[in-house]
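All values below were derived from every heavy atom in this structure, side-chain atoms included, with hydrogens, water molecules and symmetry-related copies excluded. Both counts, for ligands and for their atoms, begin at 1 and track the order of listing. One is the number of the first residue; the rest follow in order along the sequence.
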Amino acid sequence: MDKKNFIAIAIDGPSASGKSTVAKLLASKLNFLYVDTGAMYRAYTLAVLNASLDPKNEEESNSLINKIEISFNDENHITLNGKDVSKEIRENNVANNVSYIASYKNIRLFLVSLQQKIANNKNIVMDGRDVGTYVLKDAEVKIFLNADVEERAKRRFNENKEKNIKSSYEDCLENIKKRDYIDSHRDFCPLRKADDAILIDSTNLTIEEVVFKMEEIIKSKGYSL
Ligand code: CDP
């Protein structure tokens, strides 16, 4: 890819729309760093649960701000206080509580500032809910990835099965609907398509087709791959 400066690609969208899978693939094809901001909210949630604090209580949850260390190791796995927690953050107890944690403004500010530090002066693909609207609002390329809620529940159910995480299709559907609602109704940085983001509906697309569409979008912005 030609580059005069660093290029940031922001990929936002609701739960299980396929963001992480395609963002990771795209980043590896372009040789860009990949940052999964959802993993950071999940790691914070895990820290709250591990400390026996109540994720539904904002004040209690805020008490870990600046007291925990969340980062990515050499394998690009998420770490909490130096420990690889990439498996633990996918468990149901984290999935069921993460949207409360992500609705607290001070926790968002803490994690957004980490995200901006990681992205500084790098070619980067970052995925989340507010990357194009807030975290990297000057990103060169912005994509909003969506899919029908039933298709997303099916994908999450299959993903859980592969990872040996117990769940039913109905549980996945309920969890996704609940998170969609909380994510898009919170006051600070709700899930929303940036005005200048390009929408991709992945309901009937394979992973490769989505990545292909993304590459076409990047090229249409004048960047050669
Ligand atoms: O894997 P999935 O798409 O279900 O979610 P995720 O990307 O791991 O994010 C987990 C949760 O973190 C989301 O449901 C949001 O509540 C929150 N989140 C957020 O608020 N802002 C972000 N930039 C990323 C995630």
Problem - Heavy-atom donor-acceptor pair, D127 side chain to S20 backbone, under 3.5 Å - result: yes
Practice task
Take atom CD of E174 as the centre, draw a 6.0 Å sphere, and report whether it contains more than 12 heavy atoms from other residues, nucleotides or ligands.
Solution key: no
Problem - Contact list for residues 187-196, test side-chain hydrogen bond (donor to acceptor under 3.5 Å, both in side chains), sequence neighbours left out - result: K142-D196
Practice task
Would you kindly say whether T21 and R155 are connected by a side-chain donor-acceptor distance under 3.5 Å?
Solution key: no
Problem - Over 12 non-hydrogen atoms of neighbours within 6.0 angstrom of CZ in F212 - result: no
Practice task
Return the protein residues near ligand 1 (heavy atom under 4.0 Å from any of its atoms), ordered by chain and residue number.
Solution key: S15, A16, K19, T37, G38, Y41, R42, R90, V98, S99, A102, R108, G128, R129, D130, R156, R179, D183, R186
Practice task
Look up atom CG in L205 and atom CG in L145, then write down how far apart they are to the nearest 0.5 Å.
Solution key: 8.5 Å
